Amino acid sequence: QVQLVESGGGLVQPGGSLTLSCAVSGFTPDFHPMGWFRQAPGKEREAISCSSSSDNITFYSESVRGRFTVSREYAKNTVDLQMKSLKPDDTAVYYCAVDLSADGECKLNTANYGMDYWGKGTLVTVSS
């Protein structure tokens with residue numbers, strides 16, 4: 001059974017840091033593209049990263065590039081999203097997802113990067 005479970009969300013002050021984890025089961029993360037997405041209240045879902053399995057390269061959206069880092073934590077069987085210099089605009093429900101239809105690079109020109117399995121999300125609130 002394919003399953004993705006996000007954790008680590010919570011309240012953090014502006015300028016702070018937070019690490020989210022995506023625990024995966026039912027597939028091997030390093031064989032498929034994996035992405036992080038977020039949806040702020042009243043806004044559309046935003047793709048913020050996609051990690052290709054073919055070249056082990058992660059694409060970041062301009063809104064998070066330089067502040068967020070994705071890593072595969074094999075010892076924990078998770079794909080983590082390290083967030084720093086957080087802003088109030090980062091407040092959103094964060095989702096991890098996988099594209100099981102692909103075994104290589106991310107589909108960056110496809111809606112939601114072509115992800116077909118999603119976690120239920122974890123809420124990050126950036127506020128003083």
Side-chain angles (χ1 to χ4, degrees):
Q1 182 83 353
V2 175
Q3 188 173 19
L4 302 90
V5 181
E6 303 93 340
S7 64
L11 177 64
V12 61
Q13 296 186 13
S17 300
L18 198 65
T19 297
L20 307 181
S21 292
C22 177
V24 303
S25 61
F27 67 96
T28 303
D30 56 329
F31 287 169
H32 303 279
M34 292 199 66
W36 281 95
F37 302 78
R38 66 185 183 185
Q39 187 165 18
K43 296 186 179 296
E44 296 182 351
R45 182 185 298 159
E46 176 190 10
I48 59 174
S49 76
C50 189
S51 301
S52 297
S53 61
S54 59
D55 54 9
N56 200 31
I57 296 296
T58 298
F59 170 83
Y60 299 93
S61 69
E62 293 184 359
S63 63
V64 307
R65 190 174 300 140
R67 299 188 299 119
F68 291 11
T69 303
V70 175
S71 63
R72 288 182 170 92
E73 302 294 337
Y74 296 105
K76 300 190 302 180
N77 198 32
T78 65
V79 178
D80 291 355
L81 179 67
Q82 300 166 275
M83 306 182 293
K84 63 180 181 181
S85 301
L86 285 163
K87 309 172 182 178
D89 286 347
D90 293 321
T91 296
V93 176
Y94 284 73
Y95 303 88
C96 64
V98 64
D99 178 9
L100 291 186
S101 69
D103 58 4
E105 65 184 36
C106 296
K107 302 172 183 175
L108 297 179
N109 295 323
T110 301
N112 295 319
Y113 297 158
M115 302 295 168
D116 47 19
Y117 288 88
W118 298 76
K120 294 184 177 180
T122 185
L123 176 64
V124 173
T125 302
V126 184
S127 176
S128 60

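It should be emphasised that the depicted structure is a prediction, and the values quoted were computed from it without experimental measurement. Note: hydrogens, waters and symmetry copies are ignored here, and every other heavy atom, side chains too, is used. Numbers here are sequence positions counted from 1.
The CE atom of Met83 sits 7.5 Å away from the CD1 atom of Ile48 when rounded to the nearest 0.5 Å.
Legend: residues meeting side chain to side chain donor-acceptor pair (under 3.5 Å) with Tyr95, ordered by chain and number and at least two apart, are absent. Scored by the side chain to side chain donor-acceptor pair (under 3.5 Å) test, Glu46 finds Arg38, Ser63 as partners (sequence neighbours excluded). Taking Arg67 as the reference, Asp90 meet the side chain to side chain donor-acceptor pair (under 3.5 Å) condition, with sequence neighbours excluded. Residues satisfying the side chain to side chain donor-acceptor pair (under 3.5 Å) criterion with Ser51, sequence neighbours excluded, are Thr58.
Closest non-hydrogen pair, Val79 versus Trp36, comes out as O-CZ2, 3.3 Å. Among all heavy-atom pairs drawn from Gly66 and Lys84, the shortest one is O-CE, 3.5 Å. For the residue pair Ala97 and Phe37, the shortest heavy atom distance occurs at CB-CE1, 3.9 Å.
The stretch residues 64-95 participates, sequence neighbours left out, in no disulfide (SG to SG under 2.5 Å) pair at all. Listed by first then second residue, pairs satisfying side-chain hydrogen bond (donor to acceptor under 3.5 Å, both in side chains) with a partner in residues 111-126 number zero, not counting sequence neighbours. The stretch residues 52-80 participates, sequence neighbours left out, in no ring pair (Phe, Tyr, Trp, His ring centres under 6.0 Å) pair at all. Residue pairs meeting the salt bridge (Lys or Arg N to Asp or Glu O under 4.0 Å) criterion with at least one member in residues 3-17, sequence neighbours excluded, do not occur. Every pair passing salt bridge (Lys or Arg N to Asp or Glu O under 4.0 Å) that includes a residue from residues 92-101 is listed here, sequence neighbours excluded: Asp99-Lys107. Listed by first then second residue, pairs satisfying disulfide (SG to SG under 2.5 Å) with a partner in residues 98-128 read Cys50-Cys106, not counting sequence neighbours.
Remark: the backbone N or O of Lys43 is paired with a side-chain donor or acceptor of Gln39 at under 3.5 angstrom.
Leu108 and Ile57 are not part of a single hydrophobic cluster, where members link through side-chain heavy atoms under 4.5 Å apart. Under the 4.5 Å side-chain heavy-atom criterion for grouping Ile, Leu, Val, Met, Phe, Trp and Tyr, Met115 is not connected to Tyr94 through any hydrophobic cluster.
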Sequence neighbours excluded and cut-off under 3.5 Å, please list the side-chain donor-acceptor pairs for residues 9-35, or say none.
{"residue": "Ser21", "atom": "OG", "partner": "Asp80", "partner atom": "OD1", "Å": "2.9"}
{"residue": "His32", "atom": "ND1", "partner": "Ala102", "partner atom": "O", "Å": "2.7"}

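Sparse packing is recorded around CD of Glu105, with 12 or fewer heavy atoms of other residues, nucleotides or ligands lying under 6.0 Å away.
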